[in-house]
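One structure is given below, encoded as structure tokens.
Computation of the quantities below employed the complete heavy-atom set of this structure, encompassing side-chain atoms and omitting hydrogens, waters and symmetry-equivalent molecules.
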Amino acid sequence: MTCTSTPYHIVIFGASGFTGQFVVEEVARIVSEGPNGTLKWAVAGRSRQKLDKVLEQAAGALGKPELRTAVEVIVADVGEPDSLAAMCKQAVIVLNCVGPYRFWGEPVVKACVENSAHCIDICGEPQFLESMQLNYNSQAADKGVYIVGACGFDSIPADMGVLYTREQFKGTLTAVESFLTASTGPEGGSLNDGTWKSAIYGFADSGKLRSLRKKFGHKPLPVVGSKIKRRSALFYSNEVQQYAVPFMGADPSVVKRSQRFLLEEHQETPVQYGAYAGVGGVANIAKMLFAGMMFWFLVKFDFGRNLLIKFPEFFSFGFFSKDGPTRKQMECSSFQFAFYGEGYTEGQDPSQGRPNAKIRTLVQGPEAGYVATPIAMVQAAITILNEPTALPKKGGVYTPGAAFSRTTLVERLNKHGIQFSVI
């Protein structure tokens, strides 16, 4: 599919959005990693003026004045299918940064499939990710197009982290729990309210996700080894030495879809997965319970959702803000996933007795939302460009784990500051 007549290896759509601007900077940093040491790329979005401004900003931030003139600007709008088609015809891969994806994502996937461009997004909304698989998988397969969702902090560290843990385990890995902790510097940190909006609409629509899943007609994944125990809604975790809660993001859904793919395509033993996030001490719990109760109550009603959207900082205790974090805050923030796995050593029968071996791995990296996410997204694109024969044998709508399990994505991430290691 990577035909030489396509002018750009990568087109960043939504380049002037909050996350998009950092994806632009990341692509500009790694142009030497493209096929044969070069990368042809362009930016796209609704406003030429805003796109010019983002290139100007990136030129200043990276000390690369040539970005102002060397990078092509494409005007394309989600509401104008012809403009999306024209954009996709010029790209080998579209990096789609326009969210919430439940509102703006499908026209981009459709245009990519119809015009034979691969598509990578950084969506953390299971309903969107799974409905794209249901509706576009066979069309994408016919066209040889790879649509890979959740290629940001949601859910590359978790999904590739589970695969990495299995690879490092000597024997049959049967269950993994992950514990996410994040730290900020003295300046604190926050997330842009785009993520907050996605969460609001996701919770409001959780019933639709259940009915969507029924349409796949999947049988439950076989349980190998001891059944993983679900932890309570709030518990003290000895693993991370703080209170923890079940992780509310897309990771569990994405990991499960990867495990299903690897079972069906490669007959690999599925790994059970539980995802948790550390929330700190008692003071944080009080804030979280209060914010959680307000959220659950308000998200059910139109007026409540409008309030949540209008005042993200107030209702999230400053965790989300309309401005997002400052560059200084981003520099001082980091994340860590600790994976605790168990399984059976080589020669042990997983159907007999309890697991007899354990493993601990870490995935750690810089600030999650706007430093790690662009790195993960851009390295996913570089992997598709450079390793086409290591991708699944046919196109389709894939999770990161399904798309990249046979590639060197983990090694690429290691070189770029998202580090995978065994403890």
Does atom [atom1] ([X]) have a neighbourhood of more than 12 heavy atoms from anything else shown, all under 6.0 Å?
{"X": "F314", "atom1": "CZ", "value": "no"}
{"X": "R46", "atom1": "CZ", "value": "no"}
{"X": "Q241", "atom1": "CD", "value": "yes"}
{"X": "Y340", "atom1": "OH", "value": "yes"}
{"X": "F319", "atom1": "CZ", "value": "no"}

Tell me if a side-chain donor or acceptor on [X] pairs with a main-chain N or O of [Y] at a distance below 3.5 Å.
{"X": "D77", "Y": "G45", "result": "no"}
{"X": "T184", "Y": "C332", "result": "no"}
{"X": "Y146", "Y": "P392", "result": "yes"}
{"X": "S116", "Y": "V145", "result": "no"}
{"X": "E177", "Y": "F179", "result": "no"}
{"X": "K143", "Y": "E114", "result": "yes"}
{"X": "E106", "Y": "F103", "result": "no"}
{"X": "K300", "Y": "W296", "result": "yes"}
{"X": "S155", "Y": "A158", "result": "no"}
{"X": "Q90", "Y": "A86", "result": "yes"}

So how far is it from [X] [atom1] to [Y] [atom2], rounded to the nearest 0.5 Å?
{"X": "F317", "Y": "N284", "atom1": "CZ", "atom2": "CG", "result": "10.5 Å"}
{"X": "H9", "Y": "I382", "atom1": "NE2", "atom2": "CD1", "result": "9.0 Å"}
{"X": "L180", "Y": "Y276", "atom1": "CG", "atom2": "OH", "result": "13.5 Å"}
{"X": "Q21", "Y": "K50", "atom1": "CD", "atom2": "NZ", "result": "11.5 Å"}
{"X": "F203", "Y": "L298", "atom1": "CZ", "atom2": "CG", "result": "13.5 Å"}
{"X": "I10", "Y": "H118", "atom1": "CD1", "atom2": "NE2", "result": "11.5 Å"}

Please work out whether the ring planes of [X] and [Y] are parallel, tilted or perpendicular, with thresholds of 30° and 60°.
{"X": "W196", "Y": "F320", "value": "tilted"}
{"X": "F22", "Y": "Y370", "value": "tilted"}
{"X": "F337", "Y": "F339", "value": "parallel"}

So which heavy atom on [X] is nearest to which on [Y], and how close?
{"X": "V279", "Y": "Q242", "result": "N-OE1, 3.3 Å"}
{"X": "A372", "Y": "P366", "result": "CB-O, 3.9 Å"}
{"X": "G324", "Y": "S190", "result": "C-OG, 3.3 Å"}

Residue pair Y101, S198: steps toward the side-chain hydrogen bond (donor to acceptor under 3.5 Å, both in side chains) verdict: CA-CA 8 Å; Y101 291 90; S198 298; over 6 Å; no
For M160 and V363: C-alpha separation, side-chain torsions, deciding distance, then whether side-chain contact (heavy atoms from CB on, under 4.5 Å) applies. CA-CA 9 Å; M160 299 310 289; V363 177; over 6 Å; no
Are [X] and [Y] linked by a side-chain donor-acceptor pair shorter than 3.5 Å?
{"X": "E367", "Y": "Q329", "result": "no"}
{"X": "S237", "Y": "E239", "result": "yes"}
{"X": "S253", "Y": "E130", "result": "yes"}
{"X": "D323", "Y": "S321", "result": "no"}

Full working for salt bridge (Lys or Arg N to Asp or Glu O under 4.0 Å) between R29 and E25: CA-CA 6 Å; R29 278 188 201 103; E25 291 180 19; 3.8 Å; yes
Could you go through Q364 and S334, starting from their C-alpha distance and side-chain angles, then the distance that decides it, and tell me whether this counts as side-chain hydrogen bond (donor to acceptor under 3.5 Å, both in side chains)? CA-CA 8 Å; Q364 49 200 336; S334 61; over 6 Å; no
Set out, in order, the CA-CA distance, both residues' side-chain angles and the distance that settles side-chain contact (heavy atoms from CB on, under 4.5 Å) for D205 and E125, then state yes or no. CA-CA 11 Å; D205 255 0; E125 307 162 42; over 6 Å; no
For a 4.5 angstrom cut-off between non-hydrogen side-chain atoms, does [X] reach [Y]?
{"X": "M132", "Y": "C123", "value": "no"}
{"X": "I418", "Y": "I156", "value": "no"}
{"X": "Y8", "Y": "E72", "value": "yes"}
{"X": "V148", "Y": "I384", "value": "yes"}
{"X": "E33", "Y": "L385", "value": "no"}
{"X": "P126", "Y": "L209", "value": "yes"}

Sole residue of R260, R406, K393 in salt bridge (Lys or Arg N to Asp or Glu O under 4.0 Å) with E265: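 So, applying the salt bridge (Lys or Arg N to Asp or Glu O under 4.0 Å) to E265 and each of R260, R406, K393, only K393 qualifies.
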As a quick check of understanding, evaluate side-chain contact (heavy atoms from CB on, under 4.5 Å) for V98 and V108, giving each step before the final call. CA-CA 9 Å; V98 180; V108 181; 5.7 Å; no
